[in-house]
Amino acid sequence: MTGASFDAVARKAADDMFALNFTRGRYGTTDLTMTYNVGADLIVHGMASVVVPTVIMGMFGKKTIPLEATCDAMLQLPNSDIMFVLDTTLSMAETNVGDTQSKIAALRQSVTDFYTILNNAQSAGSQVRYGFVPYSSTVNVGQLLRREWMVDQWAYQSREQNEYIDNAGGTQGNTTTTTTYSPWSGGITTSTSYGSSENCVAPPNESYTDTTAWQAWSPNGTAVPRSRTGTQTRNGSTYSASRASNGVCTITKTTYNGYSRTATQTVEENPNAGQTTAGTRTYYWNYKKITYTVSVLKGSSANGLITGGYFELPIGNNFAVKRFNWGVGGQGACIEERTTVRTGDTGTEYDLDVDMVPNPANPDTQWRPFLPDIVWSRSVTNYYPAGGAANITGWQPNDVIHVSNNYITPGSYKSDFAACPSASRKLATIRTATEQTSLTSYLNSLVPRGRTYHDIGMLWGLRLLSAEGLFASENSSSPNGGNIARNIIFMTDGDTETNIADYDAYGLSALDRRRTPGGSLPSNSDQDGIVEDRLRRLCTVAKDQKNITVWVIAFGTSLTSLLSDCASSGRAYQANNAAELNQTFADIAARISQLRVTH
């Protein structure tokens with residue numbers, strides 16, 4: 001069977017197996033039939049019937065006897081650990097051609113149905129556990145880790161106070177000018193469409209004009225008071241783009257056709273002429289790499305696990321005190337990876353060691369809190385310039401003293417440039433009604449964010465699944481002492497997509513350059529190549545060193561050689577729509593299970 005479908009191919013296989021045991025016409029039988037029925041529990045119910053000629057009973061007028069035999073076949077699971085590594089990037093908010101639901105909604109349903117199939121196939125004596133690693137530009141695993149696995153201090157591309165200067169106020173003029181408007185009237189229409197969730201940028205306006213035709217001043221152009229009227233008119237079309245919390249990008253087109261209103265402008269004497277206006281204050285910042293004590297973010301739970309926390313610093317706009325949350329207050333507990341090696345350099349890639357337990361005496365082996373609100377760019381004031389985010393220029397790697405607050409923090413763009421996906425879940429059984437409800441709630445919490453960094457997802461899928469290393473005490477054996485079949489189901493809906501403006505698992509890429517040469521600004525293609533090379537290496541670790549079966553699904557995208565090579569033999573799939581995704585997960589569930597003839 002292919003998943004839950006008992007199709008013509010499956011029927012032929014069943015008929016062939018029956019024919020090996022009972023050939024048509026055997027013992028003089030006639031009218032052989034074989035029927036099958038498959039219920040929602042995926043148990044195949046078979047019934048064979050045949051007419052048997054009699055010998056002794058024939059003398060009493062009973063020439064034939066109908067006979068029937070039944071049997072059931074069902075899928076039963078051995079001890080299995082199944083780790084879902086799921087692409088939850090912004091493009092998952094989009095809808096495949098021909099579908100009526102978003103890709104993330106289709107994924108939720110397919111995983112639910114997958115679980116239902118395996119749960120029905122699981123025997124009472126076996127253990128089946130499920131884990132999840134949603135990924136984008138990093139992963140949300142902080143609260144699965146022990147406190148000693150996280151650094152006490154870490155350096156971020158940040159800013160600190162320099163000084164402020166008070167500027168004297170000016171002098172109010174002799175007149176004041178006010179403008180009032182009538183309500184708009186005329187032709188205006190709006191329409192909406194959906195754009196790319198990953199690059200939610202409005203197209204340029206079309207033949208748009210906004211002009212005001214003024215009449216002469218009355219009584220003249222120098223009299224005080226004086227007034228005049230004008231007609232403001234808009235024609236053409238404008239576009240705006242907005243991304244909702246679920247990642248959907250909506251493009252709104254507004255078309256104007258003689259859309260107008262009347263403006264009345266009045267100049268009068270200023271009763272406060274000559275008085276001094278309020279002064280202004282100019283704030284100066286030092287933008288540079290700064291080391292902060294982050295140990296307070298670990299918490300102090302008795303079980304030794306990280307629980308999250310916060311600290312405060314006076315580095316908000318205009319020197320305001322700002323709170324930095326990690327793992328609390330609605331913030332995720334995403335991480336920066338431990339020390340790696342730049343392209344062309346030598347050293348130890350601690351980040352790619354799947355099983356090494358961090359050494360508290362060596363910060364290179366520990367992970368770091370992901371804190372987008374504490375990070376600032378330098379000499380970059382616009383993350384959405386003309387042409388899109390990929391064309392950001394002006395990065396300054398050196399320290400900068402800058403006036404005002406207008407350099408950008410990635411923390412202002414948590415859907416894309418500083419994305420923290422939904423929390424990962426360790427391997428756990430899901431059998432009770434409460435556990436099943438928790439699974440549904442968890443899947444509904446998956447929200448599309450960020451761009452596509454495949455390597456970080458696979459890396460942490462391996463760490464959470466491995467029988468050695470961080471979670472060896474939980475993963476090395478099963479309660480019944482039997483072997484454990486380990487599986488990674490890696491699903492993505494797109495090619496690798498990085499951005500040097502992202503704050504990701506390796507810092508602010510344009511400035512930190514932890515994986516690219518330090519002397520030059522990296523390119524997106526540089527980073528894409530590094531991510532893909534590391535994915536290949538991690539897939540090899542999974543298959544050749546860990547004896548893990550890797551299932552790969554390309555959902556709404558091409559099954560590239562990168563993805564097919566990552567999969568174990570015969571375990572790569574392409575699903576073009578929601579129905580095919582569901583069928584794919586069902587097929588994987590059936591292949592993970594083992595067929596048993598129960599009676």
Side-chain angles (χ1 to χ4, degrees), residues 136-164 243 245 281-301 305-337 363 366-378 380-381 383 400 402-424 445 447 449-450 501-508 511-512:
S136 55
S137 51
T138 183
V139 288
N140 189 342
V141 297
Q143 292 180 319
L144 303 180
L145 308 180
R146 301 193 61 80
R147 288 196 294 274
E148 64 268 23
W149 297 350
M150 191 71 63
V151 295
D152 290 324
Q153 295 183 316
W154 187 238
Y156 297 86
Q157 303 291 347
S158 190
R159 70 180 182 183
E160 65 182 4
Q161 296 179 16
N162 183 288
E163 63 176 349
Y164 63 81
R243 185 190 290 122
S245 59
R281 175 171 288 179
T282 303
Y283 297 87
Y284 290 87
W285 294 97
N286 297 328
Y287 287 85
K288 62 181 184 179
K289 199 168 189 176
I290 300 173
T291 298
Y292 294 105
T293 298
V294 295
S295 54
V296 67
L297 302 180
K298 300 180 185 183
S300 56
S301 64
L305 297 178
I306 291 171
T307 56
Y310 70 89
F311 58 86
E312 295 179 337
L313 293 170
I315 58 174
N317 286 348
N318 301 333
F319 295 176
V321 173
K322 189 173 183 180
R323 174 173 290 191
F324 301 94
N325 294 309
W326 189 69
V328 295
Q331 297 295 308
C334 282
I335 53 94
E336 290 187 36
E337 259 302 328
Q366 296 174 296
W367 291 284
R368 302 92 189 231
F370 177 86
L371 299 173
D373 291 320
I374 211 170
V375 174
W376 268 269
S377 65
R378 293 200 282 280
V380 174
T381 59
Y383 267 11
V400 173
H402 182 64
V403 63
S404 79
N405 306 303
N406 66 342
Y407 284 169
I408 290 175
T409 170
S412 297
Y413 302 89
K414 291 187 174 70
S415 290
D416 42 18
F417 293 100
C420 180
S422 302
S424 297
S445 76
V447 178
R449 298 188 184 105
D502 286 345
Y503 174 50
D504 58 39
Y506 293 87
L508 184 56
L511 299 182
D512 286 308

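Sequence positions, counted from 1, serve as the residue numbers for this chain. Side chains are part of it too, since the values below use all heavy atoms of this structure and drop only hydrogens, waters and symmetry mates.
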Among side-chain atoms of W367 and E337, is any donor-acceptor pair under 3.5 angstrom?
yes
State, without any angle test, whether S158 and Y292 hold a side-chain donor-acceptor pair at a distance under 3.5 Å.
yes
Using a 4.5 Å cut-off on heavy atoms from C-beta on, say whether the side chain of [Y] contacts that of [X].
X: K289; Y: D512; value: yes
X: P369; Y: V151; value: yes
X: V294; Y: M150; value: no
X: F417; Y: I408; value: no
X: L144; Y: L305; value: no
X: L313; Y: I374; value: yes
X: L297; Y: W154; value: no

For R449, which residues count as a side chain to side chain donor-acceptor pair (under 3.5 Å) partner, sequence neighbours excluded?
none
Can you spot which of Y284, Y287, Y407 makes a side-chain hydrogen bond (donor to acceptor under 3.5 Å, both in side chains) with H402?
Y407
Distance check, rounded to the nearest 0.5 Å: [X] atom [atom1] versus [Y] atom [atom2]?
X: N405; Y: R159; atom1: CG; atom2: CZ; result: 5.5 Å
X: L371; Y: C334; atom1: CG; atom2: SG; result: 10.5 Å
X: L511; Y: Q157; atom1: CG; atom2: CD; result: 4.5 Å

Please determine whether side-chain contact (heavy atoms from CB on, under 4.5 Å) holds for the pair S377 and Y383, giving the CA-CA distance in whole Å, both sets of side-chain angles, and the decisive distance to 0.1 Å.
CA-CA 10 Å; S377 65; Y383 267 11; 4.3 Å; yes
Taking all non-hydrogen atoms of both residues, which atom of [X] and which atom of [Y] are closest, and how far apart?
X: N286; Y: Q161; answer: ND2-O, 3.8 Å
X: T291; Y: Q153; answer: CG2-CB, 4.0 Å
X: K414; Y: Q331; answer: CE-OE1, 3.7 Å
X: C420; Y: G332; answer: SG-CA, 4.0 Å
X: W285; Y: P314; answer: CH2-O, 4.0 Å
X: W376; Y: I315; answer: CH2-O, 3.5 Å

Using ring pair (Phe, Tyr, Trp, His ring centres under 6.0 Å) as the criterion, list what pairs up with F324, not counting sequence neighbours.
F311
Got a sec, which residues hit ring pair (Phe, Tyr, Trp, His ring centres under 6.0 Å) with Y283, two or more places apart in sequence or on another chain?
F319
Counting N and O atoms only, with roles assigned by atom type, does the side chain of [X] sit under 3.5 Å from a partner on the main chain of [Y], one being a donor and the other an acceptor?
X: S422; Y: S445; result: yes
X: N140; Y: A333; result: yes
X: K298; Y: R147; result: yes
X: Y503; Y: T409; result: no
X: R368; Y: Q366; result: yes
X: N318; Y: A320; result: no

Lys/Arg N to Asp/Glu carboxylate O, E160 vs K288, below 4.0 Å:
yes
Where do V139 and I335 land on the side-chain contact (heavy atoms from CB on, under 4.5 Å) test, with the steps shown first?
CA-CA 7 Å; V139 288; I335 53 94; 4.2 Å; yes
Evaluate salt bridge (charged side-chain N to carboxylate O under 4.0 Å, His left out) for D373 paired with R323, printing each intermediate quantity in order.
CA-CA 9 Å; D373 291 320; R323 174 173 290 191; over 6 Å; no
